[in-house]
Amino acid sequence: MKNYHAFQSCRGIVKVPPRYASKQESMGVDTPPCASVATELVEFLNQSWTHFHAVEEAKTRLEAEGFVHLSETEEWSMAPCGKYFVIRNGSALVAFTLGGAFRAGAGFQVVAAHTDSPCPKLKPVSSSKKGGFLKVGVQTYGGGLWYTWFDRDLSVAGRVLVRGEGGQVEHKLVRVDRPILRIPTLAIHLDRNVNTEGFKPNTETHFAPLLATTIKAALCGDDVGKNASIEDKKNQNGNDPPSPKPSPPHHQLLLNILAEELGCSPESIIDFELNVCDTQPSLIAGAAREFIFSGRLDNLAMSFCSIKALIEASRSDEMVAAEHAGWMVALFDNEEVGSDSAHGASSPMMYDIMKRVTAVMLAQEEGHVEGALERSTRNSFIVSADMAHALHPNYMDKHEENHQPQMHKGLVVKHNANQRYATTAVTSFLFREVARQEGIPTQDFVVRNDMGCGSTIGPILASGIGIRTVDVGMPQLSMHSIREMCGIDDVDTSYRHFKAFFENFSKVNELVVVDK
């Protein structure tokens, strides 16, 4: 990365494009972010352009705290007070700490979130040429506010499969920091009614990012540019030219850029999964420096707060040694498209891990323990953490009058009588009581009866496994925009609430007598 300003952080050097450097300096971002949970979140976001990068960043932080990476394809060995994590597909992660008094049948206190966000993803055959431009074909992933992606400085990031010298195929992460793509809007002179009739782009025909002109691409050795010259030759003399070689699935220019970032040859790139990403860094902003402006707050903000809470709670040897339960964070992929994947919340990933932990502990205990897994399930509790809708001052009528969450006022407990959220009176009380004992505020959200209600991984996990669940989220504005916003106080509150949940839930849970 050339010509970038560097800022010292607790993780190392954070590089910021020069056009934002002065803004960051004016906001004090050149001071160590460890003093502020919100600044740590900004750092996490700037490292986590994709779900793959978010899991890798979480892995880095966990390993630095002594968490042991377990492979799902190998036998496990573990013990009370141990700290472990599992990764699936490079895009989902489950981390857990076992209490010193943990035994087979004990429950897990889980904070579950997701790593994916709405974005355009490159098609399997992304190469396209029209009107003298190289275009990149994309699929829309999730329910994004797609009009916000126009006229932005875009790039790509994700994972690439690379064949090594020995023939082994490796999964490598890539992030092209410089802007290489753009989706330009149509000038108002050619669309006079856009401001009165609305901007209604067709995501198949209007949404392909531009990579380069065919002329410049040909000079860079792109095959599409070469094939274009063959077609032009046919038009000039009327004769059939030699058959051009089949067009590659992706522009050579794009492959060259990826190869340069990865330090490999373009020919060694077998395939990839790439997201289109905004290159504008996440930052703390607002006149009072009270907001975070960023992409992917939904749901990396909750992912970050849960991981940080688990790490911080697990640092207390005394607290861990006295704990009977297991503390767990589950970060799933594909929530934005229904969670139906091997690494989504509909998969048995988290439950498989619970079963294996129970089996390992059973093998270490003397005698037969009846119903250990079933008891563990009923003793467990899930906090489904997904961002919530803050009250919008320009659209206040979109919120029910008695349920209007605001920034800086704590996590939002989500309710829905039709089970779009998994919250019950019992689970809501337990989560609130944990907060009340620590002086942490909470809020409530119910959607209007004349509006549809979104959903989360909460009902999926609650119905699929049978674990008590509460749905909560940090309030934010501009959800699913390329650029979202939340309040910095809520980042700190969310982290502290999750940490208190790990540390205090076992005692609070004893206050409620239900089904006993």
Side-chain angles (χ1 to χ4, degrees), residues 14 16-17 19-20 22-24 26-29 33 36-50 54 113-119 142-154 275-306 308 335-336 385-399 403-412 414 441 443 445 454 456 472-495 497:
V14 176
V16 179
R19 63 185 179 282
Y20 297 107
S22 60
K23 297 179 182 179
Q24 296 281 56
S26 68
M27 289 181 291
V29 182
S36 166
V37 180
T39 320
E40 283 190 66
L41 170 58
V42 168
E43 180 185 340
F44 182 85
L45 291 163
N46 283 326
Q47 296 292 337
S48 305
W49 279 25
T50 72
H114 65 90
T115 60
D116 60 317
S117 302
C119 67
L145 290 173
W146 302 122
Y147 67 87
T148 64
W149 288 77
F150 283 74
D151 294 334
R152 301 289 300 190
D153 299 340
L154 306 175
N275 295 357
V276 176
C277 304
D278 187 13
T279 60
Q280 184 176 358
S282 306
L283 44 75
I284 294 176
R289 300 177 184 175
E290 61 182 305
F291 304 123
I292 293 177
F293 296 164
S294 173
R296 308 174 303 284
L297 286 174
D298 177 18
N299 193 36
L300 292 187
M302 293 284 84
S303 297
F304 165 80
C305 289
S306 60
K308 179 174 175 61
E335 187 276 342
E336 298 293 355
D386 203 349
M387 298 295 279
H389 298 293
L391 179 67
H392 196 307
N394 296 340
Y395 301 91
M396 294 183 65
D397 60 326
K398 296 297 183 180
H399 274 73
H403 301 85
Q404 300 184 340
Q406 298 181 26
M407 291 186 182
H408 308 320
K409 293 190 176 182
L411 280 167
V412 179
K414 305 175 184 180
Q443 309 179 72
F445 174 76
T456 68
V472 307
M474 185 193 306
Q476 71 161 101
L477 294 174
S478 303
M479 186 179 290
H480 287 196
S481 170
I482 194 173
R483 201 76 176 162
E484 303 170 324
M485 64 182 290
C486 69
I488 62 171
D489 289 0
D490 293 316
V491 178
D492 180 68
T493 300
S494 298
Y495 149 68
H497 198 151

Review point. Is the number of heavy atoms from other residues, nucleotides or ligands under 6.0 Å of Y147 OH greater than 12?
Key: no
Review point. Would you say L411 and M302 make side-chain contact, with heavy atoms under 4.5 Å?
Key: yes
Revision key, fill the gap. One should read off an interatomic distance between S306 OG and H497 NE2, to the nearest 0.5 angstrom, of 13.5 Å
Check your understanding: Atom CD of Q406 and atom CD of Q404: how far apart are they, to the nearest 0.5 Å?
Key -> 7.5 Å
Exercise for review: Using a 4.5 Å cut-off on heavy atoms from C-beta on, say whether the side chain of R483 contacts that of R152.
Suggested key: yes
**Study point:** Taking every non-hydrogen atom, the tightest pair across C486 and L297
**Key:** N-CD1, 3.8 Å
**Study point:** From CE (M485) to CG (L477), nearest 0.5 Å
**Key:** 5.5 Å
Exercise for review: Flag the pair W146 / P118 as yes when at least one side-chain heavy-atom distance between them is below 4.5 Å, and no otherwise.
Suggested key: yes
Point to revise | Ring geometry between F44 and F304 (parallel below 30°, tilted from 30 to 60°, perpendicular above 60°) | key: tilted
Practice item. Decide yes or no on side chain to side chain contact (heavy atoms under 4.5 Å, CB included) for T279 and W49, but give the supporting numbers first. Key: CA-CA 9 Å; T279 60; W49 279 25; 4.0 Å; yes
Review point. Could you go step by step and tell me if S36 and T39 meet the side chain to side chain donor-acceptor pair (under 3.5 Å) rule?
Key: CA-CA 5 Å; S36 166; T39 320; 3.0 Å; yes
Revision key, fill the gap. Between E484 and S478, the two heavy atoms sitting closest are CG-O, 3.1 Å
Point to revise | Main-chain N/O of G143 paired to H480 side chain as donor or acceptor, under 3.5 Å | key: yes
**Study point:** Trace of the side chain to side chain contact (heavy atoms under 4.5 Å, CB included) decision for D386 with D298
**Key:** CA-CA 7 Å; D386 203 349; D298 177 18; 2.9 Å; yes
Exercise for review: Calculate, to the nearest 0.5 Å, the distance between atoms CG and SG belonging to L154 and C119 respectively.
Suggested key: 11.0 Å
Review point. Is a side-chain donor or acceptor of D490 paired with a backbone partner of M474 at a separation under 3.5 angstrom?
Key: no
Review point. Is there a side-chain contact between W149 and V276, using heavy atoms and a 4.5 Å cut-off?
Key: yes
Check your understanding: So which heavy atom on S303 is nearest to which on H114, and how close?
Key -> OG-O, 3.0 Å
Exercise for review: Please tell me if the side chains of D489 and M407 come closer than 4.5 Å, counting only heavy atoms from C-beta onward.
Suggested key: no
Revision key, fill the gap. Rounding to 0.5 Å, atoms CG (L300) and CE (M387) come to a distance of 10.0 Å
Review point. Could you walk me through whether H403 and V412 pass the side chain to side chain contact (heavy atoms under 4.5 Å, CB included) check?
Key: CA-CA 10 Å; H403 301 85; V412 179; over 6 Å; no
Check your understanding: Do F293 and Q280 have side-chain heavy atoms sitting under 4.5 Å apart?
Key -> no
Review point. Which heavy atom in S294 sits nearest to a heavy atom in S282, and how many Å separate them?
Key: OG-OG, 2.6 Å
Practice item. Taking all heavy atoms of G410 and all of Q443, pick out the closest pair and write down the distance. Key: O-NE2, 2.9 Å
Review point. Tell me, do C277 and T50 make a side-chain contact under 4.5 Å, heavy atoms counted?
Key: yes
Review point. Going from OG1 on T493 to NZ on K409, what distance comes out if it is rounded to the nearest 0.5 angstrom?
Key: 12.5 Å
**Study point:** Derivation and outcome, side chain to side chain contact (heavy atoms under 4.5 Å, CB included), residues L41 and L45
**Key:** CA-CA 6 Å; L41 170 58; L45 291 163; 3.9 Å; yes
Name each donor-acceptor pair under 3.5 Å that joins a side chain in residues 389-396 to protein atoms two or more places apart or in another chain, with its distance.
{"unit_1": "H392", "atom_1": "ND1", "unit_2": "N394", "atom_2": "N", "d": "3.1"}

Check your understanding: Under 4.5 Å between any side-chain heavy atoms of I482 and L145, yes or no?
Key -> no
Check your understanding: Which pair of heavy atoms, one from G473 and one from K414, lies closest together, and at what distance?
Key -> N-CE, 4.0 Å
